[in-house]
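Inspection log for the structure reproduced underneath, given as structure tokens.
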Amino acid sequence: MSIIPSVFGGRRSNIFDPFSMDIWDPFQDLTFGNALRTPQFSTETAAFANARIDWKETPEAHVFKADLPGLKKEEVKVELEEGRVLQISGERNREHEEKNEKWHRVERSSGKFLRRFRLPENAKVEQVKAAMENGVLTITVPKEETKKQEVKAIEISG
């Protein structure tokens, strides 16, 4: 497993930062086009960058929601790597141009995408559930109940 150095030259290794294992390097496939120096991303990076994911925490669970329009559940993989790393991946294929067709514009992204999130210690990784409806992937990771620490009074002698 590799951790990509940050833009500022340091490693993103904060154990409390759940995104510190995010493997996407936004500058990996960055090139500059024309005289305006506008950034251009490769098709694969664009597809990956468009895999938008929200992560919220409720009292009962961590909930991830990913917008994956046009994908079927068979085209998406949800895996647990090394026990505590949630990995979401898949591929959106480009439509093939037929001989008698002429494309005027192609803006929808295609290619592979991959996102990783380090789950916190309170995640019940053995009970992860995933569902896909209307192009939205929802992953629910239940949380262990936090035990309230018992306060014990200490008698003061003397």
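For clarity, every value in this text was computed on a predicted model and none was experimentally measured.
Considering every non-hydrogen atom in both E91 and L71, the closest pair reads O-CD2, 3.4 Å. Taking both residues in full, the closest heavy atoms of P142 and A61 are given as CA-CB, 3.9 Å, listed atom of the first, atom of the second, then distance.
The stretch residues 127-143 participates, sequence neighbours left out, in these salt bridge (Lys or Arg N to Asp or Glu O under 4.0 Å) pairs: E57-K143.
If you take CZ on R52 and CG on D54, they are separated by 10.5 Å, rounding to the nearest 0.5 Å. With values rounded to the nearest 0.5 angstrom, E60 atom CD is found 11.0 Å from K124 atom NZ. Between the OG atom of S89 and the CD atom of E81 there is a distance of 9.5 Å, given to the nearest 0.5 Å.
Contact annotation: the side chain of E121 approaches that of R84 to within less than 4.5 Å [non-hydrogen atoms, C-beta and beyond]. Within the 4.5 Å cutoff, the side chain of L68 has no heavy atoms near those of the V136 side chain. Contact of the V76 side chain with the M132 side chain is registered, since non-hydrogen atoms from C-beta on lie closer than 4.5 Å. Two residues are said to be in side-chain contact when any heavy atoms from C-beta on lie closer than 4.5 Å; V78 and L86 meet this criterion.
The aromatic rings of H62 and W55 lie perpendicular to each other, with more than 60° between the two planes, well past the 30° mark.
Ionic pairing of K77 and E79 is present here: one or more N-O contacts between side-chain nitrogen and carboxylate oxygen are shorter than 4.0 angstrom.
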Residues Q87, L114; criterion side chain to side chain contact (heavy atoms under 4.5 Å, CB included); working and verdict
CA-CA 7 Å; Q87 180 171 295; L114 173 67; 3.3 Å; yes

Walk me through it: do I53 and F117 pass the test side chain to side chain contact (heavy atoms under 4.5 Å, CB included)?
CA-CA 10 Å; I53 299 177; F117 301 93; 3.8 Å; yes

Side chain to side chain contact (heavy atoms under 4.5 Å, CB included) between V125 and L119, worked out:
CA-CA 8 Å; V125 294; L119 296 174; 3.9 Å; yes

Test side chain to side chain contact (heavy atoms under 4.5 Å, CB included) on I139 and V63; report intermediate values, then the result.
CA-CA 6 Å; I139 302 167; V63 180; over 6 Å; no

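For E145, the CD atom sits in a loose shell: 12 or fewer heavy atoms of surrounding residues, nucleotides or ligands are nearer than 6.0 Å.
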